[in-house]
Amino acid sequence: MSESGSRNTRRRPDRAALGIAAALAAVAIVIAWSTSQAGGVAGYSPVGPKTFPYIIAGGLFILSILTAIEAMRGHFPEREAQDFPPMLWVLGGLVAQMLTMKTIGFSLSTGLLFAATARAFGKGALWKTFPAGVVFALLVWLMFAKGLQLTLPAGPLERLF
């Protein structure tokens, strides 16, 4: 008999998965509560604007229960150790974009995010990736602002167009 078949290895409950299950349940409760508090007129049909939020909340709640059961059984695979510096680069890029979007505009702030994310994945130096990100973001801004007539934050670079 093989040793792997004879050993009954019981893993501890997965705390991260239990946290995800709790977050899913919290989101489901918030959606259901928000939907119940929303006003509206009673219609002639039972399917109205509140039906789908309740279905989504119910689905999220069922997923939270199933996630919690699997977490308690320890059926989730072992996760490898996290590499925090790349995550911090992406998070820093997101924060920089949020803080600078209104002041320096869409293209430059998104260029910062692009460069930080490229740095996180080890794809090029910042002095190369920042201009590339600005060019891509400017093209997106031009498509949205000029082509679709949608408003995105404009900075000094976008004002040239």
Side-chain angles (χ1 to χ4, degrees), residues 1-40 42-43 45-102 104 106-130 132-137 139-141 143-144 150 152-153:
M1 185 185 287
S2 73
E3 194 164 317
S4 64
S6 66
R7 294 175 67 196
N8 185 5
T9 57
R10 178 160 170 88
R11 292 178 40 194
R12 295 176 27 196
D14 190 337
R15 291 189 322 207
L18 286 173
I20 292 170
L24 286 170
V27 169
I29 290 168
V30 167
I31 290 173
W33 179 82
S34 176
T35 303
S36 71
Q37 300 300 312
S45 173
V47 177
K50 290 185 176 186
T51 303
F52 286 103
Y54 279 131
I55 291 171
I56 291 169
L60 286 173
F61 196 72
I62 290 169
L63 284 175
S64 74
I65 291 170
L66 294 174
T67 302
I69 290 170
E70 292 298 309
M72 293 303 289
R73 290 180 179 168
H75 285 178
F76 286 101
E78 289 285 335
R79 288 176 293 282
E80 58 189 52
Q82 298 296 316
D83 190 11
F84 285 105
M87 288 189 287
L88 292 175
W89 272 103
V90 172
L91 181 63
L94 285 169
V95 169
Q97 183 189 34
M98 288 187 285
L99 292 176
T100 61
M101 182 77 74
K102 288 188 177 186
I104 65 173
F106 179 80
S107 299
L108 293 175
S109 64
T110 304
L112 290 172
L113 172 62
F114 184 88
T117 305
R119 172 72 166 94
F121 287 106
K123 300 293 181 189
L126 292 175
W127 66 271
K128 289 180 185 176
T129 55
F130 176 69
V134 170
V135 168
F136 288 135
L139 291 173
V140 169
W141 184 86
M143 284 188 287
F144 276 85
L150 297 174
L152 290 175

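As the structure is a prediction and not an experimental result, all values here were calculated from the model.
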Provide the closest heavy-atom pair for M101 versus P153 in the form atom of the first, atom of the second, distance. CG-CG, 3.4 Å
Closest non-hydrogen atom pair, A28 against A57: CB-O, 3.3 Å
If a pair satisfies salt bridge (charged side-chain N to carboxylate O under 4.0 Å, His left out) and one of its residues is in residues 15-24, list it, with sequence neighbours excluded. none
Enumerate, atom names and distances included, each donor-acceptor pair closer than 3.5 Å involving a side-chain atom of residues 107-123, sequence neighbours excluded.
from, atom 1, to, atom 2, distance (Å)
S107, OG, L138, N, 3.4
S107, OG, E158, OE2, 2.7
S109, OG, G105, O, 2.8
S109, OG, F106, O, 3.2
T110, OG1, Q97, NE2, 3.0
T110, OG1, F106, O, 2.8
T117, OG1, L113, O, 2.8

Candidate list I69, I62, T67, test side chain to side chain contact (heavy atoms under 4.5 Å, CB included), partner I65, passing option: I69
Roughly how far, to the nearest 0.5 Å, is the [atom2] atom of [Y] from the [atom1] atom of [X]?
X	Y	atom1	atom2	result
W141	L150	CH2	CG	11.5 Å
D14	I20	CG	CD1	7.5 Å
K128	L126	NZ	CG	11.5 Å
T51	I56	OG1	CD1	11.0 Å

Do M72 and L18 touch side chain to side chain, with heavy atoms closer than 4.5 Å? yes
Does S36 use its side chain to pair, donor to acceptor, with the backbone of W33 at less than 3.5 Å? yes
Does CZ belonging to F136 count more than 12 external heavy atoms closer than 6.0 Å? no
